[in-house]
Amino acid sequence: MVISRLNKNYFIRDTHLVCQDLIGKFLIHEDETRLKVGRIVEVEAYQGFNDRASHAARKQTPRNLIMFGPGGYYYIYLIYGMHYCLNIVTEKEGFPSAVLIRAVEPIYDSSTNLTDLGLKEKRILGSGPGRLCRWLEVDKIFNTKSVENPSLFMANDYKDQAHQPKIEKSKRVGVQYAGESAHLDWRYLDATSDYISHP
DNA sequence: GTGCGGATTAGCT
DNA sequence: GCTAATCCGCACG
């Protein structure tokens with residue numbers, strides 16, 4: 001299978017379709033100093049003006065401005081003063097939406113031999129939105145950057161590592177403050193994966 | 001300028 | 001299960 005990068009147009013469509021399609025895809029940080037590859041196993045949808053869990057639910061601010069533009073750009077913010085969360089903006093300009101990457105299975109790491117690690121240790125690397133950003137060395141430098149930038153991107157395959165995911169939906173994590181929006185089943189995960197953030 | 005609280009995590013009970 | 005850690009965006013005025 002040929003490795004091909006997901007382009008901006010991939011994200012300019014319904015957020016829930018993007019969520020389902022992203023499960024099993026690869027998230028790759030590659031430059032002169034590192035190569036890290038994770039398989040996406042859990043994401044969440046944040047969609048439109050009526051989603052009270054979304055940063056874009058109230059109004060446009062300097063921080064959430066990128067969410068109001070067209071899909072295909074990263075939205076990365078600092079949470080609780082110490083963890084970054086990685087999102088990809090989705091849909092057409094004017095309908096603020098994004099997909100939060102919540103967990104990846106570590107596939108390759110140029111600074112660590114992953115085969116030396118047990119399941120528990122690999123889970124600590126990639127299970128959870130803050131943990132995966134720490135492992136992949138993703139921070140606000142990539143905020144507002146296009147998914148078509150050369151070093152942080154997603155791809156449909158990585159060295160024949162892909163396999164068929166079993167997609168399940170459930171409630172989003174950590175949004176109990178969001179009233180009506182809190183109970184929506186807008187979290188998508190691969191039920192065959194051992195790397196889900198809240199098993 | 002001040003104050004509040006979060007799309008989380010780690011460590012302890 | 002509970003909570004501290006630790007910063008900044010944003011709402012107030």
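Below, read A as the first sequence line, B as the second, and so on, with proteins coming before strands; counting in each chain starts at 1. These numbers come from the heavy atoms of this one structure, side chains and all, not from hydrogens, waters or symmetry mates. Computed from a prediction, not measured in an experiment: that's the story for all the values here.
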Worksheet item: Quick one: CD on Glu180(A) to NE2 on His183(A), what's the gap to the nearest 0.5 Å?
Response: 5.5 Å
Worksheet item: Between Arg172(A) and Asp51(A), is there a salt bridge with N-O shorter than 4.0 Å?
Response: yes
Discussion item. Donor-acceptor check, side chain of Arg34(A) to backbone of Ser111(A), threshold 3.5 angstrom: yes or no?
Written reply: no
Worksheet item: In this structure, are over 12 heavy atoms from other groups packed under 6.0 Å from Leu65(A) atom CG?
Response: yes
Item to complete: Walk along DNA chain C from 5' to 3' and tell me the first and last nucleotide with an atom closer than 4.0 Å to a non-hydrogen atom of chain A.
Response: dA5(C) to dA11(C)
Worksheet item: Taking the six-membered ring for Trp, are Phe142(A) and His29(A) parallel (under 30°), tilted (30 to 60°) or perpendicular (over 60°)?
Response: perpendicular
Worksheet item: Under 30°, 30 to 60°, or over 60°: which ring-plane class applies to His16(A) and Tyr188(A), parallel, tilted or perpendicular?
Response: tilted
Fill in: Integer angstrom distance from the P of dT3(C) to that of dG5(B)
16 Å
Worksheet item: Salt bridge or not for Arg187(A) and Glu42(A), using N-O below 4.0 Å?
Response: yes
Item to complete: With Tyr74(A) as reference, evaluate Thr144(A), Ile88(A), Val138(A) under the side-chain contact (heavy atoms from CB on, under 4.5 Å) test and give the passing residue.
Response: Ile88(A)
Practice prompt. Would you please indicate if the ring centroids of His55(A) and Tyr77(A) are separated by under 6.0 Å?
Written response: yes
Worksheet entry | Side-chain donor/acceptor of Asp14(A) to backbone N/O of Leu17(A), under 3.5 Å | yes
Item to complete: Could you tell me whether Lys59(A) contacts a base, only the sugar-phosphate backbone, or nothing, with contacts defined as non-hydrogen atoms closer than 4.0 Å?
Response: sugar-phosphate
Discussion item. Taking Watson-Crick (N1-N3 plus N6-O4 or O6-N4) and G-U wobble (N1-O2, O6-N3), each under 3.5 Å, can you produce the dot-bracket string of DNA chain C? Use [ ] for crossing pairs and | for inter-strand ones.
Written reply: |||||.||||||.
What's touching nucleotides 5-9 of chain B from the protein side, N or O pairs under 3.5 Å?
unit_1 : atom_1 : unit_2    : atom_2 : d
dA7(B) : OP1    : His55(A)  : NE2    : 2.6
dA7(B) : OP2    : Tyr177(A) : OH     : 2.3
dA7(B) : N9     : Tyr77(A)  : OH     : 3.2
dA7(B) : N7     : Ala53(A)  : O      : 3.2
dA7(B) : N7     : His55(A)  : NE2    : 3.3
dA7(B) : N1     : Asn87(A)  : OD1    : 2.4
dA7(B) : N3     : Tyr77(A)  : OH     : 3.1
dT8(B) : OP1    : Arg102(A) : NH1    : 3.1
dT8(B) : O2     : His83(A)  : NE2    : 3.1
dT9(B) : OP1    : Pro129(A) : N      : 3.2
dT9(B) : OP1    : Gly130(A) : N      : 2.9
dT9(B) : OP1    : Arg131(A) : N      : 3.1
dT9(B) : O4'    : His83(A)  : NE2    : 3.2

